[in-house]
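Structure first, then comments.
Order of the sequence lines sets the chain letters (A, B, ...), proteins ahead of strands, with each chain counted from 1. Since this is a predicted model, take the numbers as computed values, not measurements.
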There are 2 protein chains.
Amino acid sequence: MDTMTIPAAPAPRTQVTRKDVARYAGVSTAVVSYVVNGGPKKVAPATEAKVQEAIRQLGYRPNAAARALKLGSSETIGLVIPDNSNPFFSMLAHAVEDAAGALGYALVLTNSDGNLAKERRNIRNLAARQVDGVVLASVLFEPELADLEAAEIPSVLLSHSGSSAGVTTVGVDLAKGARTAVEHLISHGHTNIGLAMGTTTGNEADAREEGWVQALRDAGLPEGPIARSAFTRVGGYAAGQRLLASGHRPTAIFASSDMQAIGILRALHEAGLSVPGDIALASFDGSEDAEYSWPTLTTVEQPVRDMAEAAVRALVGADRGAPAQHRVFPTKLLVRQSCGCP
Amino acid sequence: MDTMTIPAAPAPRTQVTRKDVARYAGVSTAVVSYVVNGGPKKVAPATEAKVQEAIRQLGYRPNAAARALKLGSSETIGLVIPDNSNPFFSMLAHAVEDAAGALGYALVLTNSDGNLAKERRNIRNLAARQVDGVVLASVLFEPELADLEAAEIPSVLLSHSGSSAGVTTVGVDLAKGARTAVEHLISHGHTNIGLAMGTTTGNEADAREEGWVQALRDAGLPEGPIARSAFTRVGGYAAGQRLLASGHRPTAIFASSDMQAIGILRALHEAGLSVPGDIALASFDGSEDAEYSWPTLTTVEQPVRDMAEAAVRALVGADRGAPAQHRVFPTKLLVRQSCGCP
DNA sequence: CCAAATTTCTCCAGCGTTGTAGACATTGAC
DNA sequence: GTCAATGTCTACAACGCTGGAGAAATTTGG
């Protein structure tokens with residue numbers, strides 16, 4: 001339109017304010033406020049109609065920044081995820097956004113790409129933005145939480161891994177879920193079951209590994225080979241190749257994430273192995289990818305939507321202000337083709 | 001901690017303000033401001049050090065809401081995507097977040113789930129939040145843009161589909177990309193090439209269909225069967241089944257998205273057909289899924305990161321304020337297994 | 001050593017909003 | 001007709017921040 005304006009100009013946004021509406025409707029700004037948020041005072045129906053009309057005519061929308069400043073709440077929650085390209089986390093993000101949206105909150109998404117410095121920056125940024133709470137999905141380094149505590153911003157850990165002190169966590173029983181899957185594999189007669197695990201992030205040992213160990217031990221079986229990699233397709237691909245190359249090649253593999261399983265699948269295909277014929281496979285997460293791979297993956301489903309909802313509620317919903325708790329949701333083994341069920 | 005507080009209390013957040021820092025450092029608040037944002041006035045090094053120390057000691061972070069109110073800019077951009085569970089869009093979201101982050105902007109993610117009312121609500125919400133710009137990925141219904149225009153919020157269409165007036169758009173040449181893929185299929189000797197298309201969203205015809213038609217016509221081939229479905233795995237699965245059931249079963253299929261191709265792959269596998277042996281397949285998007293399917297998918301890659309960057313720049317970067325333009329990025333055919341290349 | 005120039009700092013208004021305190025109308029009771 | 005009890009509305013002071021106008025302190029030149 002006006003290509004002549006100097007781009008450097010910081011956008012002189014014109015806004016319809018409460019004052020404009022008040023003037024247009026011939027009332028004071030407080031009345032407009034009452035009409036908009038239903039204040040403690042009553043407004044005469046006739047006046048209310050006038051104000052509503054003025055709002056419509058002028059296209060008034062309350063300025064969220066001013067509101068946030070005054071109210072000390074931005075009606076926004078933050079989400080920190082380590083890797084948005086991982087379908088499990090985008091599923092999570094989607095679920096958190098829905099849960100937040102249902103409560104009238106918007107979502108600020110930040111992605112730390114598994115980078116500690118970035119995670120720290122993101123958390124600080126969210127704190128400065130007066131978010132009403134933040135959901136931390138698989139936080140890399142818990143001490144970062146101090147920033148949030150300092151700002152008195154409620155946070156919840158929505159996470160693969162375990163439970164920390166003081167802060168509310170929402171998760172699943174990783175060990176139990178993993179054990180279920182491995183036991184299922186064992187029930188098919190496998191005696192050499194490999195494990196594709198994530199690289200421990202310094203955090204704490206991943207309970208899925210524990211579950212695998214338990215299942216094997218309970219069945220009196222020896223531990224199969226282990227390959228560690230990132231929770232990605234590429235990582236799984238490499239892990240798969242390593243497992244195949246291992247001296248005592250397993251006849252079944254438990255992967256700690258669907259993404260890794262997808263990568264393993266590729267490695268197996270390329271090696272000319274059939275799944276589950278030559279090697280059976282089971283994984284963890286229950287993402288949609290596991291339903292559309294070939295063969296389809298037997299996987300341990302996490303009730304992502306329920307978890308997200310619980311997390312958001314703990315932050316800004318009914319459960320706000322409740323003492324820190326650790327909610328553990330049940331997992332469910334989705335039996336499909338890759339495990340070799342008849 | 002204090003489980004006795006009444007949960008209904010609206011979080012009496014205590015905040016360290018500029019005033020606290022000023023008092024602590026023994027200066028006025030303006031000086032603090034200058035130190036923080038490097039104002040037009042110079043601050044003596046000694047004073048600056050004192051203030052920095054005070055900031056550190058007190059753990060001061062500027063209140064973003066107040067800043068946004070004063071400056072009329074929230075250092076935030078909004079993103080509206082139709083479906084976050086679609087990997088293509090989560091890839092896009094990731095790229096947009098990165099591009100925005102690089103410029104110091106945060107990202108508010110909203111998801112409209114292909115729901116028009118939700119999209120409208122999201123756009124309004126973003127407008128109220130004083131975002132500095134919004135990236136609309138595949139907007140369902142363009143008239144919604146009026147809300148943004150009214151609020152004088154810059155927007156850009158980052159989209160599969162074509163170009164609209166007034167507003168800047170960033171995209172790829174869908175027709176050309178599709179044609180490349182179909183021509184590749186033709187070069188393998190296929191004469192009956194089916195199409196899995198999206199359901200037109202009322203918007204305008206999808207240019208990928210046009211590309212398919214052009215390629216066939218240029219080669220003097222008849223149009224193969226068409227199946228329309230959502231851009232999802234499930235949609236593709238159904239589309240695949242329909243294409244197989246069609247009277248004159250195609251020997252190759254062009255799918256307008258990787259997701260649909262993944263679904264089609266499943267339908268073909270279930271029908272006991274081999275790919276590319278019995279039926280060749282090519283698709284569109286270039287998402288990572290296409291690299292880890294079995295067989296791997298030949299697909300038309302969209303330079304998502306470049307596109308996201310261009311979109312963000314048009315909003316808040318160097319290109320801000322430039323007249324509306326239509327940037328078209330080149331696509332690239334990634335040849336893999338599903339097309340039947342030797 | 002004084003005035004002028006320069007550097008460094010302070011005051012304060014205002015961004016759009018909310019809600020409290022109180023003003024002004026209106027009504028009903030006597 | 002007067003007074004109190006409502007019912008509606010207005011004025012105004014924050015919320016934390018920025019930046020222009022100008023005051024105070026410091027340096028410079030003669």
Fill in: Presence of A/S28 side-chain N/O under 4.0 Å of D/dT10 phosphate oxygens OP1/OP2
yes
Practice prompt. Grab the NZ-P distance between B/K19 and D/dG16 for me, whole Å please.
Written response: 8 Å
Item to complete: Take the protein atom CG of B/N63 and the nucleotide atom P of C/dG16, then report the distance between them rounded to whole Å.
Response: 17 Å
Practice prompt. Please tell me if the side chains of A/L107 and B/V108 come closer than 4.5 Å, counting only heavy atoms from C-beta onward.
Written response: no
Practice prompt. With the side chain of A/V31 defined as its heavy atoms from C-beta on, choose the nearest nucleotide among C/dT8, D/dC9, C/dT17.
Written response: D/dC9
Discussion item. Whole angstroms only, please: what is the CG-P distance between B/L58 and D/dG16?
Written reply: 14 Å
Item to complete: Quickly work out the A/L71 CG to D/dA14 P distance and round it to whole Å.
Response: 17 Å
Worksheet entry | Residue A/A30, side-chain heavy atoms: nucleotide from D/dC17, D/dT10, C/dG16 that is nearest | D/dT10
Item to complete: With the side chain counted from C-beta on, respond yes when A/Q130 and B/N63 share a heavy-atom pair under 4.5 Å apart, and no when they do not.
Response: yes
Item to complete: Please state how far atom CZ in A/R67 lies from atom C1' in D/dC15, giving the value in whole angstrom units.
Response: 14 Å
Practice prompt. Could you check if a side-chain atom of A/V51 sits within less than 4.5 angstrom of a side-chain atom of A/V36, using non-hydrogen atoms only?
Written response: no
Worksheet entry | Test log, rule side chain to side chain donor-acceptor pair (under 3.5 Å), inputs B/R121 and B/N125 | CA-CA 6 Å; B/R121 195 145 40 82; B/N125 197 322; over 6 Å; no
Worksheet item: Contact class for A/A44 vs. all strands (heavy atom < 4.0 Å): base, sugar-phosphate, or nothing?
Response: sugar-phosphate
Worksheet, complete the sentence: Of B/A66 and B/V27, the one whose closest nucleotide on DNA chain C sits nearer the 5' end is B/V27
Worksheet item: In chain order, what residues pass the side-chain hydrogen bond (donor to acceptor under 3.5 Å, both in side chains) check against B/Y60, with sequence neighbours excluded?
Response: B/R18
Discussion item. Using whole Å, what does the distance between atom C1' of nucleotide D/dG7 and atom CD of A/E48 come to?
Written reply: 15 Å
Worksheet item: Between A/T47 and D/dC9, is there a side-chain N or O to OP1/OP2 distance below 4.0 Å?
Response: yes
Item to complete: Compare side-chain N and O positions of A/Y34 against OP1 and OP2 of C/dT20 and report whether any pair is under 4.0 Å apart.
Response: no
Response to the item:
Per atom distances to the B/K42 side chain, the nearest of D/dG16, C/dT8, C/dG16 is C/dT8
Item to complete: Write down the distance between CZ (B/R23) and P (C/dC11), rounded to a whole number of angstrom.
Response: 13 Å
Discussion item. Just the rounded figure in Å: distance from P of D/dC17 to NZ of B/K70.
Written reply: 12 Å
